[in-house]
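This report refers to the structure that appears directly beneath it.
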There are 2 protein chains.
Amino acid sequence: MPQPATPPSPFDAVPAGAAAAAAAGAPRPEPTERFAARTAGMTASEIRALFAVASRPEVVSLAGGMPNLAALPLDALAAEVADLVAREGQVALQYGSAQGVPALREQICEVMALEGIRADPDDVVVTVGSQMALDLVTRIYCDPGDVVLAEGPSYVGALGSFAAYQARVVHVAMDEHGLVPDLLRDALGSLAAEGITPKFLYTIPNFHNPAGVTLAVERRAEVLEICASYGVAVVEDNPYGLLGFSGRTYPALRSLSRDVVYLGSFSKTFASGLRVGWALVPPAVRDRLVLAAESASLCPPSFTQMLVSRYLAAHDWRAQIKTYTEVYRDRRDAMLEALATYMPEGCTWNVPDGGFYVWLGVPEGVDTKAMLPRAVTARVAYASGTGFYADGFGSRQLRLSYCYPTPERITEGVRRLAGVLGAELDVMRTFGSSARPALGGGPQAPSPHTP
Amino acid sequence: MPQPATPPSPFDAVPAGAAAAAAAGAPRPEPTERFAARTAGMTASEIRALFAVASRPEVVSLAGGMPNLAALPLDALAAEVADLVAREGQVALQYGSAQGVPALREQICEVMALEGIRADPDDVVVTVGSQMALDLVTRIYCDPGDVVLAEGPSYVGALGSFAAYQARVVHVAMDEHGLVPDLLRDALGSLAAEGITPKFLYTIPNFHNPAGVTLAVERRAEVLEICASYGVAVVEDNPYGLLGFSGRTYPALRSLSRDVVYLGSFSKTFASGLRVGWALVPPAVRDRLVLAAESASLCPPSFTQMLVSRYLAAHDWRAQIKTYTEVYRDRRDAMLEALATYMPEGCTWNVPDGGFYVWLGVPEGVDTKAMLPRAVTARVAYASGTGFYADGFGSRQLRLSYCYPTPERITEGVRRLAGVLGAELDVMRTFGSSARPALGGGPQAPSPHTP
C-alpha cells in the first residue's frame, strides 16, 4: 500500500478528533482492508442471525440449543454462591491458574468416570465453555489449509472455529448408528491418495448435534483404530453424554484410548451461563494447550469454577442430571408425537435417545434455508441444515430443538412448521414441480444399536 | 508422512485400550509433530514459570500482577450475588449474547466517560478479561509474519498473543514520558522502506506494564497522527487508567480518535477473578470481533457480567477505585522508600504515578534473568526484564510489583533483593569484571509531564 515519501512533520497541539483526520492527503485504508486473511471465513452463522427474530415471544423457537434451567434449585445455589463470596472471596475474585482450579479438575475426573474414563486431573484444562477448548485445540493443531474430518452434519460452533483457523472440513456421513466406519476409511484413503493427512477427526459420539444419533458402541473402537492407523488424532466432543433417556451412558472414546482429546462441559448438565467446560488431553498436548489458554484469556474465571466445584461437592448433581433428562425426554416425546401427527408425507426424522435435537429431512424440492423466513412469519423458527455443513449441503434438512420450549409450545411449533411445509408442497404441486414428495416417511433411526 | 498402502482391515471387537496400539506396524507420529506451526512460538512466560516457586509463603513475591482485593466489601457482594441467582438465575445461568450483556455495555460506556471517551454501547464487545479482547483483535488483524509495533518493554501477555498468531513485534522505546514519537516515526519509516506496514501499534498509555510510565498528554495526539499517516491502527490497552495516584485521569487515546481500538478491564478496578474485560472498537471492526468472540467461547459468562453490572449499579464503585488507589499508593511509597534505602549504587528506577509497577535498571554486568534463581533462594521474586521484550533485550531490567504484598513485605522484599544485587556486584568486583556499576542512580522518570 502507498506510503508517504517523507514522514509528516510533527505538530505541537492537535484538537481532539483532529488526529484521525490529520493525514487527509494520504490515502487511508478502511480498517477491514487490513484484516487477517482468516476473517474471510468468519461469517455469521445462520442460527445466530436467526436469534433476533426467533426470540420474539410470539415465535416458537425450535432453533436454539439453550438448555432448560427451570429445574435448577436457585435458592440453594444463591446460598452457596453467597457463602463462596463471603468465605472465599479473596480467592474466588482473584486471578487463578491458566489450567483451572485444581479441586474442580479432580471433580471433573469423577464426572468423566461415569462414562468409563480414567483420567489424571493434571491432564484436565478448564476452559470458558467447551467452545473455548475446541477453539484452542484447533489453534494448536491446525495451520491454514489443514484438513479436519467431521461428521456431516456437524456442530455449527465447531465449523466456526475450524473456519477461523482456515482449516478445511471434510465431512463423513452418518447413518442411524452414527459415523460410518467404512466411509471414514474411504475418506482417509482418498485424502491419503492426495498426500493429505487430516489433523484430527472431530466427532460428537453421543446424542449428536444436530443429527440426534449416537455412535453405536461396537463402532467406537473401530473408529479409533482407523484414525490411529492413519496417524489422525481424535477430538471427542461430549456435551450431551450424560443426558441419555434410557438411563444408560455410553463408553466415551477416551475410555478406549488415552490418545483421544476429550471435550466436556457443564453447560448442559448444570448451567450454561457459567461457561465452564474442559479438555482432557494427552500430556504431550496439555502443555501447549495451557499456553494457548493463557494467551487466549490468562485464566478462566476463578469465580465460576469455584461455584461449579461447590455445586458438585454439596449438591446431588447426579439427581439434577436425572431431573434434566426427564424434562428433556418429555419434550422429546412431545416433539415426536407432534411430528407424527402433523408432518406431511415425505418427511423423515430420527428418534433421539438423549440430548436436545431432532434432525428432520424434508421432501425433495423444499429448501429449508429459503423456507426459513416464511416459517418465522408463521411464528416458528428452526435451524436450517446448511449451517451444519461446511460444504453447502443440508438444504433438505433442518434441526429442531426440543430443549427449551414447553411441551405445549413444542406441539404448537411443530404444527405451525407442518403448515409451512404443507404450503411449500402445495406450491410445488400447483406449479408442476417435478419435486413431488416421495412416499413413505415417518420416524427413522431407532436409538443406537448397542449389544 | 507415511501412509499405509492399504487401509487396515476392520475388526469386530477390540478390548479397551487396544485401539490406541492397533496400528503397531505403522509408524505413528508423536502428537507434537503434528501441531500447527504457531505452537513453535508458544513458550511458557518467565513469569508463569516463576509462579510456582514465588507463591511459597516464605518468598516475598514482587513478581506477579495480582491486584489487592482486601478492600472489597465481600459481605455486600455476597448479598448481591445471592440476590442475582435467586431473582435472575434463569438469565444469569443461561447462554447470552456473544457481544455481552446490553446493560453492562451501557455501564462500560459510563466508566470510559471518566477518561473522556464518548462511545455507543453497540460498539462495545465484552470479553473474558481484556486478554481475550487482545487475543481476538490480534486474530482479526494479524496474518503470520505481520508486524505489530509495541513499546519496549511491553506487556508479557500481549507478546504471548502476538506470538500465538505468528506476528512479529517491533519495539519502540519509551522515555520517562512514555512512547517517544520521534522513535515511532523512525520505526514506521524504516519499516516503510522495507515495504512493511505494521498492522497496529499496541500501546499502554497509562501507568505502563511493566515500565510504570505514562504517555505525556501532549504526545497523545501526535502518536495517533503518526500512526494514521502510515495507515496503522492503534490498539490502546488501558487496564490501569483509573488507578492514578494524583487523583487525575488522562484523556484516553480513544477520546482523541474514534478509530482507536480500546481495551478495558474490571480486573484492576473491581475483581480479576470474574474475568470481565471489553473492547471498544470502530463499527467496521465490531462485527468481525463479535464473530471471532463467538468462535472463541460462544459468549462470555452471563453470570459474571450480570454481577459486575449489579455491582456498578448498586455500589459506589468510584469510591472503591479510590480505596484501591490509596492502597496502591501506600505500597508504591513503601517500595520507593525501600529502594532509596537499600538499593546499591548504579540502580535506577522510575516513580510511577499510578498502576502496579516499578521498572528497575541494574548496573551493567548484572543479568536479571540469570540472577533470578539466586533471588528466589534469598526469598524474593521479581519478573526479569527479558520477558517483556520479544527480541531478547531486558537483561539489565526487572519489574517489581507493589500491588499485592503488604508494605512491610515490600520493604523486606526490596531489602532482600538489594542484598542479592549487592552480592552480584561483589562477585563482579572480586573477579575483576569490567562491568563496574556506573556512578549515580536513584529515582528517575518523574510522573508524566503534563501541561
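Per chain, numbering begins at 1; letters A, B, ... match sequence-line order. All values reported here derive from a predicted model rather than from experimental measurement.
Heavy atoms closer than 4.5 Å to chain A are found in both the backbone and the side chain of B/S161. Using a 4.5 Å cut-off between heavy atoms, A/L159 does not touch chain B at all. Proximity to chain B (any heavy atom under 4.5 Å) is restricted, for A/A92, to the backbone atoms N, CA, C and O. Neither the backbone nor the side chain of A/P283 has a heavy atom closer than 4.5 Å to any heavy atom of chain B. Only the backbone of B/A40 comes within contact range of chain A, judged by heavy atoms closer than 4.5 Å. Interface residue A/T138: only backbone heavy atoms are found under 4.5 Å from chain B. Residue B/P181: no heavy atom, backbone or side chain, is found under 4.5 Å from chain A. Of the atoms belonging to B/P251, not a single heavy atom falls under 4.5 Å from chain A. For B/A86, the parts sitting under 4.5 Å from any heavy atom of chain A are the backbone and the side chain alike. Neither the backbone nor the side chain of A/R219 comes within contact range of chain B; no heavy atom of the residue lies under 4.5 Å from a heavy atom of that chain. Proximity to chain A (any heavy atom under 4.5 Å) is shown, for B/P73, by neither the backbone nor the side chain. Heavy atoms closer than 4.5 Å to chain A are found in the side chain of B/L307, but not in its backbone. Using a 4.5 Å cut-off between heavy atoms, B/S130 does not touch chain A at all.
One distance of note links OG1 of A/T39 with CG of B/L289; it measures 12.0 Å at 0.5 Å rounding. Residue A/T304 holds its OG1 atom at 8.5 Å from CG of B/L274, rounded to the nearest 0.5 Å. The structure places CG of A/L291 at 7.5 Å from CE of B/M42, a figure rounded to the nearest 0.5 Å.
Interface summary for chain B: among A/E80, A/M132, A/M306, the most heavy-atom pairs under 4.5 angstrom belong to A/M132.
A/Q131 and B/S297 are not linked by any side-chain donor-acceptor pair at a separation below 3.5 angstrom, with hydrogens and angles left out of the test.
Proximity of a side-chain donor or acceptor of B/D143 to a complementary backbone N or O of A/A36 within less than 3.5 Å is not detected.
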Go through the steps to decide whether A/F200 and B/R34 satisfy the test side chain to side chain contact (heavy atoms under 4.5 Å, CB included), and finish with yes or no. CA-CA 10 Å; A/F200 55 77; B/R34 309 241 37 232; over 6 Å; no
B/F162 vs A/S295, test: side chain to side chain contact (heavy atoms under 4.5 Å, CB included). Steps then yes/no. CA-CA 9 Å; B/F162 302 152; A/S295 81; over 6 Å; no
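A salt bridge links B/R139 to A/D135: one of the charged nitrogens lies within less than 4.0 Å of a carboxylate oxygen.
Taking all atoms of both residues into account, the shortest heavy-atom contact from B/A82 to A/A78 is O-CB, 3.3 Å. The minimum heavy-atom distance linking A/L298 with B/R275 is given by the pair CB-NH2, 3.6 Å.
Taking the six-membered ring where the residue is Trp, B/F35 and A/Y141 present perpendicular rings, their angle passing 60° and hence far from 30°.
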